[in-house]
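Take a look at the structure below.
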Amino acid sequence: MVLALIIAIPLLVQTSKTDAHYEMMGTCRMICDPYNPKPSATALEVMQDLSAIPSPTFVQGTKGEPGRPGKPGPRGPPGEPGPPGPRGPPGNRGDLGKTGYPGVVGTARSETGGEPGSAVGGSKIAFYVGLKNPHEGYEVLRFDDIITNLGNHYDPRTGKFTCQVSGMYYFTYHVLMRGGDGTSMWADLCKNGQVRASAIAQDADQNYDYASNSVVLHLDSGDEIYVKLDGGKAHGGNNNKYSTFSGFLLYPD
């Protein structure tokens with residue numbers, strides 16, 4: 001392109017001597033005559049030839065090396081906690097417990113025909129009952145499925161165990177909650193109207209949960225033991241015995 005200009009400029013000057021003059025100022029520069037603004041035909045032909053010269057092509061260089069990795073950004077906030085997982089399967093059955101202590105031996109009858117020995121030492125008092133019908137609100141649970149009732153001290157009509165032999169007793173209960181509506185259930189073991197043990201079952205995205213507890217109490221003759229709801233719904237199990245109540249005499253006074 002530069003070589004073509006060097007050749008063309010003198011031609012332009014030579015063909016239009018009467019119309020223009022030029023001066024050297026480091027590089028060739030043509031100064032046009034202001035009184036003749038129209039270029040000559042030779043100048044137009046040279047300009048057209050110059051415009052026909054193709055532009056130089058640019059060759060793309062090789063790809064540079066990748067830049068250094070940037071600094072790690074700040075740590076984001078912790079995410080929302082996930083939903084609770086499904087309820088796991090029931091565990092394996094536990095090992096057999098230790099043998100219990102021997103019972104109290106009754107007084108032997110004398111050979112001379114004295115008074116008979118006390119029957120208290122040989123008392124057999126135990127019960128185990130289940131709940132057939134559902135209950136809710138604030139009421140005594142009447143466990144009406146009798147499995148064991150030695151001594152007949154438990155009354156299914158009232159749901160209460162009435163002590164007839166003073167001594168130390170053990171009681172336990174397991175009540176299945178009937179949920180599904182987001183409510184909870186409370187179950188209390190009471191002695192003569194006073195709470196001696198409490199348990200709660202919560203409906204945390206599950207339809208069923210258990211409330212369980214156990215106690216060791218001293219009872220006098222006439223004392224009453226029962227399980228009472230303090231809100232919520234207890235599930236009846238027909239004959240499946242999901243909810244149970246049991247107790248027995250450890251030893252008499």
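No hydrogens, no waters, no symmetry mates; every other heavy atom, side chains included, goes into these values.
- Side-chain contact annotation: Asp253 with His218, donor-acceptor N/O pair under 3.5 Å present.
- Rounded to the nearest 0.5 angstrom, Ser166 OG and Leu219 CG are separated by 8.0 Å.
- Not one N or O on the side chain of Asp145 forms a donor-acceptor pair closer than 3.5 Å with the backbone of Val129.
- Residues Ala201 and Met177 come closest through the heavy atom pair O-SD, 3.3 Å.
- The ring of Phe143 has its center no closer than 6.0 angstrom to the ring center of Tyr173.
- Taking the side chain as every heavy atom from C-beta outward, Tyr138 and Leu229 never approach each other to under 4.5 Å.
- Under the 4.5 Å side-chain heavy-atom criterion for grouping Ile, Leu, Val, Met, Phe, Trp and Tyr, Leu150 is not connected to Ile146 through any hydrophobic cluster.
- Tyr226 and Leu131 fall into different hydrophobic clusters, defined by Ile, Leu, Val, Met, Phe, Trp and Tyr side-chain heavy atoms under 4.5 Å apart, directly or through other members.
- Between Tyr169 and the choices Phe161, Phe248, Tyr251, the ring pair (Phe, Tyr, Trp, His ring centres under 6.0 Å) rule is met once, by Phe161.
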Next item on the list: Give the C-alpha distance, both sets of side-chain angles, the deciding distance and a yes or no for side chain to side chain contact (heavy atoms under 4.5 Å, CB included) between Lys241 and Lys132.
Entry: CA-CA 7 Å; Lys241 302 170 186 60; Lys132 287 184 177 181; over 6 Å; no

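- Judged by distance alone, with hydrogens and angles left aside, the side-chain atoms of Asn192 form a donor-acceptor pair with the main-chain N or O of Glu224 at under 3.5 Å.
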Item checked: side chain to side chain contact (heavy atoms under 4.5 Å, CB included) evaluation trace for Thr162 with Asp223 -> CA-CA 6 Å; Thr162 303; Asp223 287 344; over 6 Å; no

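- The structure places OG of Ser243 at 10.0 Å from NE2 of His174, a figure rounded to the nearest 0.5 Å.
- For the side chain to side chain contact (heavy atoms under 4.5 Å, CB included) with Ile125, the lone residue among Asn152, Leu250, Val165 that qualifies is Val165.
- Taken from SG in Cys163 to NZ in Lys191, the straight-line distance is 9.0 Å, to the nearest 0.5 Å.
- Between Val216 and Met168 the shortest heavy-atom distance is CG1-CE, 3.7 Å.
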Note to self: Before you tell me yes or no, could you show the steps for Phe171 and Leu189 under side chain to side chain contact (heavy atoms under 4.5 Å, CB included), namely the whole-Å CA-CA distance, both residues' side-chain angles and the distance that decides it to 0.1 Å?
What the structure shows: CA-CA 9 Å; Phe171 299 97; Leu189 186 141; 3.9 Å; yes

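- Every residue two or more places apart in sequence or in another chain that forms a ring-ring contact (aromatic ring centres under 6.0 Å, His included) with Tyr242 is listed here: His235.
- For the atom pair CZ of Arg196 and CG of Leu217, the computed distance is 7.0 Å after rounding to the nearest 0.5 Å.
- Contact detail for His135 and Arg142: the closest heavy-atom pair is NE2-N, 3.6 Å.
- Side chains of Lys228 and Leu141 form no contact here, defined as non-hydrogen atoms less than 4.5 Å apart.
- Pairs of residues two or more places apart, or lying in two chains, that qualify as salt bridge (Lys or Arg N to Asp or Glu O under 4.0 Å) and include a residue from residues 148-157 are Asp155-Arg157.
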Next item on the list: Tell me, with the steps shown, if Ile225 and Lys160 meet side chain to side chain contact (heavy atoms under 4.5 Å, CB included).
Entry: CA-CA 6 Å; Ile225 301 293; Lys160 297 181 180 181; over 6 Å; no

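- With a 4.5 Å cut-off on side-chain heavy atoms, Thr172 and Thr244 do not count as touching.
- Panel note: side chain Asn149, backbone Tyr154; a donor-acceptor pair is recorded below 3.5 Å.
- Note: Phe127 and Phe245 meet the aromatic proximity criterion, with ring centroids under 6.0 Å apart.
- The nearest pair of heavy atoms linking Ser198 to Asn213 is O-ND2, 2.7 Å.
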